[in-house]
2 protein chains.
Amino acid sequence: MAKSSKGVLMGNAAIGQSGGPTAVINQSLVGVIEGLRGFAGVRKVYGMRHGVSGLIKSPPALVEVGRLSPAKLNAIARTPSSALGSSRDKPDAAYCGKILESCRAAEIRYFFYIGGNDSSDTCRIVSELAASTGYDMRCFHVPKTVDNDLVQSDHCPGFPSAARYVATAFMADNLDNASLPGVKINVVMGRHAGFLTAASVLGRRNRDDGPHLIYLPEVPFDNEGFVRDVQAVYDRLGRCQIAVSEGIQTSDGRPVAETLIDGLERDAHGNVQLSGVGGLGDALANVVKSRVKRSDGKPPRVRADTLGYLQRCWPDFSPVDAREARAAGKFAAKLAASGAASGSVALVRARGKAYKAVFERVELKEIAAKTRHMPAEFIDGRHGVTPAFVQYAAPLVGKLPEFARI
Amino acid sequence: MAKSSKGVLMGNAAIGQSGGPTAVINQSLVGVIEGLRGFAGVRKVYGMRHGVSGLIKSPPALVEVGRLSPAKLNAIARTPSSALGSSRDKPDAAYCGKILESCRAAEIRYFFYIGGNDSSDTCRIVSELAASTGYDMRCFHVPKTVDNDLVQSDHCPGFPSAARYVATAFMADNLDNASLPGVKINVVMGRHAGFLTAASVLGRRNRDDGPHLIYLPEVPFDNEGFVRDVQAVYDRLGRCQIAVSEGIQTSDGRPVAETLIDGLERDAHGNVQLSGVGGLGDALANVVKSRVKRSDGKPPRVRADTLGYLQRCWPDFSPVDAREARAAGKFAAKLAASGAASGSVALVRARGKAYKAVFERVELKEIAAKTRHMPAEFIDGRHGVTPAFVQYAAPLVGKLPEFARI
C-alpha cells in the first residue's frame with residue numbers, strides 16, 4: 001500500500017549529498033532528518049553513500065540515518081564536508097532510470113538531494129521520470145554551493161561560511177603583505193560567479209587595506225589592464241594585494257587559466273580543471289614579475305597563493321550559515337510532509353534593517369542547471385566591488401576578527 | 001651619562017621584528033614592552049619600522065611604543081603578523097656598522113630583535129661590534145619561527161600556532177578527500193625542517209584518516225618510492241591524502257622543487273623560492289596522474305593545494321603559543337633589566353605529565369645562524385612520523401575541532 005488510510009504517501013526516504021562539499025552541508029542533512037521526525041509517511045530514512053552513485057549500486061549503498069541520537073546528529077551537523085560522501089556524477093536519462101529502479105526496489109517515496117544546480121537538475125529529471133512511469137515519488141532539492149550561483153535565492157547555504165574563510169584569509173594575508181611589502185596574488189574559487197572572490201573585501205577596515213584589486217569572472221580580464229592596475233597600486237602603496245577568481249575570462253570568454261597554462265586537465269563536461277592546481281596564480285605572478293617595476297627598475301617581490309579546498313571545508317563556519325543550512329533541510333522535509341510533489345528551497349531576504357531571511361518553495365525547473373552571476377550593482381568598474389555588495393554579504397559571514405595597528 | 005648612580009645603564013630601547021611573520025609575533029613585541037615597564041634604565045621604547053632596514057634609514061624609522069595603553073597593547077598582541085613591519089635583510093658587518101651608528105645617534109642602549117636564526121645572528125654581530133667599539137649596548141634576541149628550527153629550544157614561539165593551522169587544515173581536507181575520493185597533495189612550509197609538515201598528523205583520530213603519507217625535508221625523496229607509496233595507499237583506501245614539505249630534497253641534497261620545475265626565482269642567498277608558488281604541488285600531481293592507476297587502469301582524481309602564507313598568519317592562534325610568545329618577550333626584557341649584556345631566550349620543557357615550559361637565557365653564539373632539524377626519534381621510515389612526535393607536539397597546538405562520522 002503506497003497510501004495510508006488518510007491518503008498520505010507511505011514509504012522510505014533517501015537523502016543524498018552531491019558536488020563539492022561545504023562547511024555546513026551536514027547541517028542540511030541533519031535538518032532533513034530532523035524535519036522528517038514525526039511524519040507518518042516515512043518509515044525509514046536512508047542516507048545514500050556518495051549520492052546517486054551509491055544509490056544505483058547493487059546492492060545500493062544506503063545507510064539508515066533516521067534513528068541517530070540527537071547528540072550524534074548535532075556532532076555530524078558541526079562536521080564539515082559531506083558526511084555521507086559525495087558524487088560528481090551528472091546523470092543522464094539512462095542513469096536516472098537506474099536511480100528510479102533503485103528507489104522502487106528500496107521503496108523510496110521521498111527523495112532529497114542536497115547540492116548545487118546540477119543536483120537540482122538530477123532531482124528534476126528523476127521527478128519527471130517517476131511521474132511518467134507512474135511511480136509516485138516526491139523529489140526535493142536542498143540548495144548548497146560555495147559559489148552562490150543558484151538562481152531564485154538571495155544566497156545559498158555554504159556560501160556564507162566559504163565567504164567567511166575568504167574574508168578572514170584576506171584580512172590576515174593583508175597584514176602579512178603589509179609587514180613584508182610586495183605584490184601578493186590570492187586565487188579564489190568560483191568558476192562562473194564572482195561572489196566568493198568579492199567576499200575578499202569584507203574584512204577591509206582601513207583605507208589602505210587589501211585587497212586593492214579584485215578580478216571577477218563576470219568582468220573580462222586583460223593582461224595589459226592588469227599590469228597597469230598593479231603598477232598603479234604598487235606605485236601608490238609600495239605593495240598590492242590582489243583577489244583573483246579562478247574563473248576569470250578573456251573578453252572572448254576563454255578561461256584565463258587556459259590561455260596562460262599548457263596541458264590543463266579537463267573534466268567529463270569539457271571544463272578545464274581550475275581548483276586543486278596552482279598554475280593560474282603562478283602564471284599571473286610571472287606576468288607581474290616581468291612587467292611591473294619598482295622605482296629602481298627592478299621587479300617587486302611577487303607571491304601567489306591559491307586558497308584551495310580549505311575554502312569549502314574550513315571548520316569555522318558562519319553562524320548564520322549553519323542555522324540557515326539546517327533550516328533549509330528542515331523546510332524541504334516539511335514540504336514533503338505537507339504533501340508537495342517536488343520542489344527546491346529558496347532563501348528570500350526580508351526587508352528591514354536587521355538581517356532576516358525566510359524560505360520559500362520553488363519549482364525544480366526554475367533553478368535546475370541555471371547559473372546566477374554577480375549582478376551589475378555589485379560590480380565596480382574593472383577591478384572592484386560596490387558598497388551594495390558589502391551590504392549584501394556582511395550580515396552573512398558573521399563577526400570577523402578585529403586587528404590593531406601601531 | 002650612560003650609567004645611573006646605581007650603575008644601571010641608561011638609555012633608550014628599540015624593538016624590531018624580522019623575517020617571516022607569525023600569528024603571535026606581536027605577543028612577543030608586547031611582552032618586551034610590558035617587561036620594560038618599571039625598569040629605570042630605559043627612557044623611551046622605540047619600535048623599528050621594518051626591522052633594521054628602518055633603523056638604518058636617515059632619519060631612522062622609529063615609532064615610540066612605550067606609552068601605548070594596556071588595551072591597545074592587548075589588541076596588538078592578538079593581531080597576527082609583525083605590527084611594526086618586518087625585514088628580510090641579512091646584515092653583513094658593514095650593515096651592522098650602520099645599525100650601530102643609528103643606535104648611537106638615538107641613544108639606544110637596549111636592542112631587542114624578534115626573529116629566527118638569521119635575526120639571532122644579526123643580534124650577535126651587532127652585540128660584538130658594539131663591544132669592540134666601546135659602545136655599551138645590550139642586545140637580546142627573542143625567538144620566533146614557524147619552522148621550529150632554532151637550536152637549544154624545545155620549540156619556538158610561532159610554531160605552535162602554525163602547527164595548529166596545519167593540523168586543522170589536514171583534518172578538514174581529510175573529510176573533503178573522503179567525500180570525493182582521490183589523491184590529494186598538500187604542500188606545507190618548512191625549507192629545512194619538517195616539524196610543520198609533521199604537524200599535519202596531529203588531528204588524525206581514526207585508522208584511515210589522512211595524512212596517509214608524510215614527506216619531510218630530513219628524509220631523501222625519490223620519485224619511484226613516492227609513486228609506489230601512493231599506489232599502495234590508493235589500492236587500499238581508494239584515496240590518499242599526502243603531506244609534503246616544500247623543502248623535500250633528493251638524496252644528493254637538491255630541492256625537489258628545483259628538479260621538477262624550470263625557472264624558479266632565487267633569493268639573495270641563492271635559495272630557490274619555495275613559498276608563494278604552487279609549482280611543487282602541481283608537479284607532484286602530474287607525477288601521480290601519469291604513474292598511479294585506478295583498478296580500471298585510468299588515472300585517479302588528483303588535486304594539489306599549497307597551504308601558503310595563511311600558515312603563518314591565520315588568526316586562530318594556539319593559546320599556549322600566545323602565552324609563551326608574550327612571556328618570551330617579557331623574559332628578554334627582564335634579562336636586560338637584570339643587567340645581562342646579551343642573550344637569547346630558550347624554551348625548556350619541564351619533565352612531568354602535564355605540559356609545562358620554562359625560559360632560560362642562552363648565549364647568542366649558541367643559536368645564531370644554526371638550524372635544527374627533526375630528530376631521528378620523530379621520523380618513522382620514509383613517509384611517517386612517530387608517536388614520540390605526536391606526544392611532543394600535541395600539547396602545543398591546543399584543542400583541535402572534533403568531527404563525527406556516519
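Throughout, a chain's letter reflects where its sequence line sits, starting with A, and its residues are numbered from 1.
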- prompt: Do Ile15(A) and Ile114(A) come within less than 4.5 Å of each other through their side chains, counting heavy atoms only?
  reply: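 Heavy-atom side-chain distance check passes, below 4.5 Å.
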Which atoms of [X] are under 4.5 Å from chain A, going by heavy atoms: the side chain, the backbone, both sets, or neither?
X	result
Phe170(B)	neither
Leu29(B)	side chain
Ala169(B)	both
Pro80(B)	both

message: Determine whether the aromatic ring centres of residues Trp314(B) and Tyr309(B) are separated by less than 6.0 angstrom.
response: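 Ring centres of Trp314(B) and Tyr309(B) not closer than 6.0 Å.
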query: What option among Pro315(B), Gly85(B), Cys313(B) has the most heavy-atom pairs under 4.5 Å with chain A?
result: Cys313(B)
- prompt: Which one, Gln17(B), Lys72(B), Arg312(B), Arg78(B), leads in non-hydrogen pairs under 4.5 Å with chain A?
  reply: Arg312(B)
- prompt: Do Asn206(B) and Asp209(B) have side-chain N/O donor and acceptor atoms under 3.5 Å apart?
  reply: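 Asp209(B) and Asn206(B) do have a side-chain donor-acceptor pair below 3.5 Å.
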query: Can you tell which of Val65(A), Thr168(A), Val63(A) has the highest number of heavy-atom pairs within less than 4.5 Å of chain B?
result: Thr168(A)
- line: Most heavy-atom pairs under 4.5 Å with chain B, out of Ile185(A), Leu180(A), Ile76(A), Leu307(A), belong to Leu180(A)
query: Can you name the nearest heavy-atom pair linking Val244(B) to Ile242(B), along with the distance?
result: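 Where Val244(B) meets Ile242(B) most closely, the heavy atoms are CG2-CG2, 3.7 Å.
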- prompt: Taking everything shown except Glu64(B) itself, do over 12 heavy atoms lie less than 6.0 Å from its CD?
  reply: yes
task: Please assess Arg49(B) against Leu62(B) for the test side-chain contact (heavy atoms from CB on, under 4.5 Å), listing each intermediate value before the final yes or no.
output: CA-CA 6 Å; Arg49(B) 286 285 182 203; Leu62(B) 297 171; over 6 Å; no
